[in-house]
Amino acid sequence: MVRANGAVSLRELARVVQTSEVTVRRDVRALEAEGLLDRRHGGAVLPGGFTRESGFPQKSHLATAEKTAIADLAAGLVEEGEAIVVGAGTTTQELARRLARVPGLTVVTNSLLVAQALAHANRVEVVMTGGTLRGSNYALVGSGAEQSLQGLRVSRAFLSGSGLTAERGLSTSNMLSASVDRALVQAAAEVVVLADHTKLGTDTMFQTVPTDVITRLVTDEPPLHDDRAATELQALADQGVQITVAGSSGGDAVPPGRPPRRDVPLPGQRAAAARHPGGPLRSAAAALAQDQVPQDRARVADLRRR
């Protein structure tokens, strides 16, 4: 499956072979030891380190349920009559399909796939950058794309990437894509990153958005055993990134104009949260209340309001 798709999630592997993720993870470790693949958080990819980048056909089959849930939540952040930029990627393509229903929206993009998803939306104006077509992800890149973004100002930028860490922020494996993404960020008052849990903790070659520039992360809920992803989410939150989490089964319902928010339990609380359904917010709030740090008190108050 990795050879065919370039990357695959542990959830998908477990579903296909009808076994547990624990068994799949053990087998993936064995395959990695033989040099047949590289493990990533929540999945596996072909060997290649920092420089390898999967093409669109491979990415489109990875974490599809998670991307759908993320796109549903992200669409709830967009308001009628707003002007936004949307970068290239399979997750942003899912977002674009949902934006077709937002009246009076203006979308600036360098992605042919995003533009295609909005092509028949009568109430949405699509503005495309110039540039050179990069066939692997159907995006316009290069100096032409960057120059067309100069002087632009919009309310929000929605971006995806190849990896996300608290230390470096969002990153990608391609220099040209990274350069255009940075230009998109400079045009926006707020930056929203769309990244499923398999990208959390993954660091690739070119930084696109530093952590301190990211306003919000929309992601899916990591598996209960994936403490590393949960730790990365906490590290991002500690640096001021707002975290919005969707369930992999489709997430919470999104009331128009008001996306739901779910706090991510700290790694040590995840097992307890699993034993008490509906209790992650209470557990997270209780843990935060133990720390007498002003910013933590504010977060506890916010959790109680939710």
Side-chain angles (χ1 to χ4, degrees), residues 1-48 52-75 89-95 97-98 113 137 160-164 194-202 217-233 243-254 260 262 264-265 267 270-271 273-278 280:
M1 289 180 65
V2 173
R3 284 173 178 165
N5 299 321
V8 67
S9 69
L10 293 180
R11 286 176 180 169
E12 181 67 9
L13 284 172
R15 184 188 66 80
V16 170
V17 301
Q18 297 183 345
T19 188
S20 69
E21 289 188 30
V22 174
T23 300
V24 168
R25 188 178 299 103
R26 183 175 61 244
D27 292 343
V28 165
R29 288 197 190 101
L31 291 170
E32 183 182 44
E34 296 177 18
L36 297 176
L37 50 76
D38 287 342
R39 284 188 298 158
R40 291 291 183 269
H41 303 310
V45 299
L46 286 174
R52 180 177 177 82
E53 181 185 28
S54 301
F56 172 79
Q58 291 78 28
K59 291 179 180 178
S60 63
H61 292 96
L62 180 62
T64 53
E66 290 86 346
K67 292 173 182 176
T68 298
I70 290 168
D72 286 339
L73 286 182
T90 53
T91 311
T92 51
Q93 180 189 25
E94 287 296 324
L95 170 63
R97 290 171 177 152
R98 289 148 180 81
L113 298 175
N137 64 346
S160 188
S162 301
L164 177 65
L194 313 182
D196 63 76
H197 74 274
T198 64
K199 297 177 181 179
L200 296 176
T202 298
L217 166 65
V218 183
T219 186
D220 63 295
E221 186 172 4
L224 285 176
H225 53 72
D226 194 352
D227 285 345
R228 188 169 183 177
T231 301
E232 198 72 47
L233 282 178
I243 310 293
T244 303
V245 181
S248 61
S249 60
D252 302 284
V254 184
R262 297 172 57 197
V264 182
R270 292 168 69 80
R275 291 193 297 270
H276 302 284

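In terms of heavy-atom proximity, A230 sits nearest to P222 at N-CG, 4.4 Å. When all heavy atoms of L194 and A74 are compared, the closest pair comes out as CD2-CB, 3.6 Å. Considering every non-hydrogen atom in both E21 and A14, the closest pair reads CG-CB, 3.8 Å. Here the closest heavy-atom approach between residue K67 and residue T90 is recorded as NZ-OG1, 2.8 Å. For the pair T198 and T202, the tightest heavy-atom approach, listed with the atom from each and the gap, is O-OG1, 3.5 Å.
Distance check: T23 OG1 to L10 CG gives 11.5 Å after rounding to the nearest 0.5 Å. Between the CG atom of L37 and the CG atom of L31 there is a distance of 5.0 Å, given to the nearest 0.5 Å. Note that the CG atom of L164 and the CG atom of L200 stand 6.0 Å from one another [nearest 0.5 Å].
In this structure R15 satisfies the salt bridge (charged side-chain N to carboxylate O under 4.0 Å, His left out) test together with E12, sequence neighbours excluded. Residues passing the salt bridge (charged side-chain N to carboxylate O under 4.0 Å, His left out) test with R25: none are found, sequence neighbours excluded. For T91, there are no side chain to side chain donor-acceptor pair (under 3.5 Å) partners at least two apart in sequence or on another chain. In this structure T19 satisfies the side chain to side chain donor-acceptor pair (under 3.5 Å) test with no other residue, sequence neighbours excluded. Scanning for side-chain contact (heavy atoms from CB on, under 4.5 Å) contacts around R98 gives T68, A71, D72, A75, E94, R101, with sequence neighbours left out.
Judged by distance alone, the side chains of S160 and K199 do bring a donor and an acceptor atom under 3.5 Å apart.
Checking side-chain atoms of T219 against main-chain N and O of A195 turns up a donor-acceptor pair under 3.5 Å. A donor-acceptor pair under 3.5 Å is absent between the side-chain atoms of T244 and the main chain of V218, judged by distance alone.
Contact annotation: the side chain of L13 approaches that of V28 to within less than 4.5 Å [non-hydrogen atoms, C-beta and beyond].
In this structure, D196 does not pair ionically with R11, as no charged nitrogen and carboxylate oxygen lie closer than 4.0 Å.
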